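What you are looking at is a predicted structure, and each value in this text was computed from that prediction instead of being measured.
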Amino acid sequence: QVQLVESGGGLVQAGGSLRLSCAASGRTFSSGVMGWFRQAPGKEREFVSTIRWSSGTTYYSDSAKGRFIISRDNAKNTVYLQMNSLKPEDTAVYYCAAARGIKVLTNPTAGDLYDYWGQGTQVTVSS
């Protein structure tokens, strides 16, 4: 059974930083991708970032570019999202997502192309 377990969310002041972790169990995604989406109250889920596991190639939304850094640890089968210069508009539930293959890279922002999802971790940025 594949599980994605997020951690690292919390409350932080604007301008602060948080690092989210997503640990995968049940399989590796060495031939696929892992990434992050978020959903704020009353809004649709939106893409944040994703990483191709084999090459480390990264993809970011415009809002994440320059502030967030995605990375992965092969030994721990874990993907991270380092979030810096946080803004109140970053407040959302952050979800980890994973895809077995790389078809998702034709449109990494499309949540429907991911195969597995975590339960989410709350990030709240106060002004």
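Distance CD1/Ile51 to OG/Ser49: 7.5 Å, rounded to 0.5 Å. Rounding to the nearest 0.5 Å gives a distance of 11.0 Å between OG of Ser30 and CZ of Arg52. Within the model, atoms CD of Glu6 and CD of Gln119 stand 7.5 Å from one another, a figure rounded to the nearest 0.5 Å. For the atom pair OG1 (Thr58) and CD1 (Ile69), the distance works out to 9.5 Å, reported to the nearest 0.5 Å. Note: Gln3 CD to Ser25 OG = 4.5 Å, rounded to the nearest 0.5 Å. Residue Ser85 holds its OG atom at 9.0 Å from CZ of Phe68, rounded to the nearest 0.5 Å.
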Decide yes or no on side chain to side chain contact (heavy atoms under 4.5 Å, CB included) for Val33 and Leu105, but give the supporting numbers first.
CA-CA 8 Å; Val33 307; Leu105 296 180; 3.7 Å; yes
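Counting heavy atoms from C-beta on, the side chains of Val48 and Tyr94 come closer than 4.5 Å. Residues Val104 and Thr50 have side chains not in contact (no heavy-atom distance under 4.5 Å, counting atoms from C-beta outward). Phe29 is not listed as a side-chain neighbour of Arg72, based on a closest heavy-atom distance of 4.5 Å or more. Residues Ser17 and Gln82 meet the side-chain proximity criterion, which asks for heavy atoms closer than 4.5 Å. Side-chain contact between Met34 and Leu4 is present, with at least one heavy-atom pair separated by less than 4.5 Å. No side-chain heavy atom of Trp53 sits under 4.5 Å from any side-chain heavy atom of Thr28. Taking 4.5 Å as the limit, some side-chain heavy atom of Val123 sits within range of a side-chain heavy atom of Met83. Within the 4.5 Å cutoff, side-chain heavy atoms of Trp36 are placed close to those of Cys22.
Closest non-hydrogen pair, Leu11 versus Ser126, comes out as CD1-CB, 4.3 Å. Between Ala92 and Gln122, the shortest heavy-atom contact is O-NE2, 3.5 Å. Nearest heavy-atom pair across Arg45 and Gly111 is NH2-CA, 3.6 Å. Taking each heavy atom of Tyr95 and Gly118 in turn, the nearest pair found is CD2-O, 3.6 Å. Nearest heavy-atom pair, Ser55 versus Thr57, reported as atom, atom and distance to 0.1 Å: OG-OG1, 2.8 Å. Of all heavy-atom pairs spanning Ser71 and Val79, the tightest one is O-CG2, 3.1 Å.
The closest side-chain donor-acceptor pair between Thr91 and Glu89, if any, does not fall under 3.5 angstrom.
Counting only distance, with no hydrogens or angles, the side chain of Asn77 and the backbone of Arg27 share a donor-acceptor pair below 3.5 Å. At least one donor-acceptor pair under 3.5 Å links the side chain of Tyr60 to the backbone N or O of Ile70. Checked by atom type and distance alone, the side chain of Tyr114 pairs as donor or acceptor with a backbone atom of Pro108 at under 3.5 Å. At least one donor-acceptor pair under 3.5 Å links the side chain of Asp115 to the backbone N or O of Arg100.
Residues Phe37 and Phe47 place their aromatic rings such that the two centres sit under 6.0 Å apart.
Cluster annotation: Val93 is not connected to Val12 through the hydrophobic network of ILVMFWY side chains, with a link wherever side-chain heavy atoms come within less than 4.5 Å.
Between Lys87 and Asp90 there is no salt bridge, since none of the side-chain N atoms of the basic residue sits less than 4.0 Å from a carboxylate O of the acidic one.
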